[in-house]
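Order of the sequence lines fixes the chain letters, A, B, ..., with proteins taken first and strands second; residue numbering starts at 1 for each chain. Owing to the predicted nature of the structure, the values given are computational and were not obtained by experimental measurement. Computation of the quantities below employed the complete heavy-atom set of this structure, encompassing side-chain atoms and omitting hydrogens, waters and symmetry-equivalent molecules.
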Amino acid sequence: MSFFGFGQSADLDIVLSDGETRKKAEHKTEDGKKDRYFLFFDGETVSGKVNVTLKNPGKRLEHYGIKIEFVGQIELYYDRGNHHEFVSLVKDLARPGELSNSQSFDFEFAHVEKPYESYTGQNVKLRYFLRATISRRLNDITKEMEIVVHTLCTYPELNSSIKMEVGIEDCLHIEFEYNKSKYHMKDVIVGKIYFLLVRIKIKHMEIDIIKRETTGTGPSVYHENDTIAKYEIMDGAPVRGESIPIRLFLAGYELTPTMRDVNKKFSVRYYLNLVLIDEEERRYFKQQEITLWRKGDIVRKSMSQQAAIASQRFEGSSTPSASAQAKDDSN
Amino acid sequence: MSEPTVADTRRLNSKPQDLTDAYGPPSNFLEIDVYDPQTIGVGRNRFTTYEVRMRTNLPIFKLKESCVRRRYSDFEWLKNELERDSKIVVPPLPGKALKRQLPFRGDEGIFEESFIEERRVGLEQFINRIAGHPLAQNERCLHMFLQEESTDRNYIPGKVRQ
């Protein structure tokens, strides 16, 4: 009971066991602010401690159980009441009873599956968090700790270029080419626009990156388009036979990986929109989807570290002389 | 063990441009002048006509040079035809100036020099905007307006190309 300041309450705190070493990543909150959260990848273990600190020393805390959950959920803004949990793990930390002192409880969620990347969008949010709960008769005490998950990919085996001829008959024919169809988020879009026929008065040309967030299914599908970038590639009037180069560095823009039909709830796709504008402000455009993926950071281990690891691969060779030999070899 | 790879940002190969294409006349030449306003008639039956001269190398126009005389109501007719038959948003014409047509004005009303000049500029902007529109170029009414002696109000509307 905690009426009028009597009774006992507690503070909950979740601390990760690798909180000192684990990297943090920036992630946008729903109101646009950027915050830093611990970064996890698929398959990594989530472990740490839950600290229960009693507020009024000396008094006992009665409870119906203490637990910690690891949750991955999708929240559609237009349907806030329903959270779609795609990962839900529980560890019981204490059976119903009493706490007479502040206490710490260890927990470990081993090799947790985190199949999707964390995403905060215009109409949908996908998040992962730890939630510690002290169940009580009237009101539970809870504490959440948000984490961020990134999904990594390696260079795709097949990555064909995009090359197409488009136009308005007898007015404007162009051939556009982009060097790849799949780009990682720090990649460069290299391409060109070749003019085959120009019977309109073009003033300039730009390339836009459009993000389309799709939520809902069937008849209630909703697309939210957002122009992430506008990049002018040509100023002036081209004639037949001219080639305009494109070189667009993606690292400068706020992008996410392409997400297709995540848990059948939403998609985030990216399009390159080539726009030609004529003297009378008329716009001619061609949209083309590209796939964005997240590349893992390459960790450059020191030579001696690599030599030590290499020498350990060979049976019975993890002797100092062997690693010294390997060091010499690699110098 | 390797350095993080730097993306290859070299330009894609492109065909060299033919010099006659690079330095020859552009294929999008289209110029329309609206000039030489003339007020014809007497008293209450006066009206002003303008010379509409077009020069172009666009293959869709039969004549590469044409010169016709048109009055404001011809421009209105063209605007209405295009609004009805084509899917484009037709730019606005300069005003009808009904107030100027009322009696007992201190000035020449719609035959005032400054007004005619204002209107001439507006009509020139209008016709250039519309003649350069790829969809408007398909309409029979535009070709008739620009290149035939007179606008036949009993013409059969249609498209010039599919």
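The CG atom of A:Leu248 sits 12.0 Å away from the OG1 atom of B:Thr9 when rounded to the nearest 0.5 Å. With values rounded to the nearest 0.5 angstrom, A:Cys171 atom SG is found 8.0 Å from B:Leu135 atom CG.
Residues of residues 113-130 of chain B lying under 4.5 angstrom from chain A, judged on non-hydrogen atoms, are B:Asn128, B:Arg129 in numerical order. Among residues 36-68 of chain B, the residues having any heavy atom closer than 4.5 Å to a heavy atom of chain A are, in sequence order, B:Leu58, B:Pro59. Using a 4.5 Å cut-off between non-hydrogen atoms, the part of residues 10-20 of chain B that approaches chain A consists of B:Arg10, B:Arg11, B:Leu12, B:Asn13, B:Ser14, B:Lys15, B:Gln17.
The side-chain contact (heavy atoms from CB on, under 4.5 Å) with B:Leu30 is formed by just one residue from the set A:Arg199, A:Lys201, A:Glu279; it is A:Lys201.
Proximity to chain B is limited to the side chain of A:Tyr284, based on heavy atoms less than 4.5 angstrom apart.
The residue among A:Arg247, A:Lys192, A:Arg282 with the most heavy atom pairs within less than 4.5 Å of chain B is A:Arg282. Highest contact tally toward chain B, considering only A:Val239, A:Leu197, A:Ile168, A:Ile189, is held by A:Val239 [criterion: heavy-atom pairs under 4.5 Å].
Within 6.0 Å of OH on B:Tyr23 lie no more than 12 heavy atoms contributed by other residues, nucleotides or ligands. Environment of CZ in A:Phe285: sparse, with no more than 12 heavy atoms of neighbouring residues, nucleotides or ligands closer than 6.0 Å.
A:Arg240 places no side-chain N or O within donor-acceptor distance of the main-chain N or O of B:Ala22, the cut-off being under 3.5 Å.
For B:Glu148, the side-chain contact (heavy atoms from CB on, under 4.5 Å) partners at least two apart in sequence or on another chain are B:Arg140, B:Met144.
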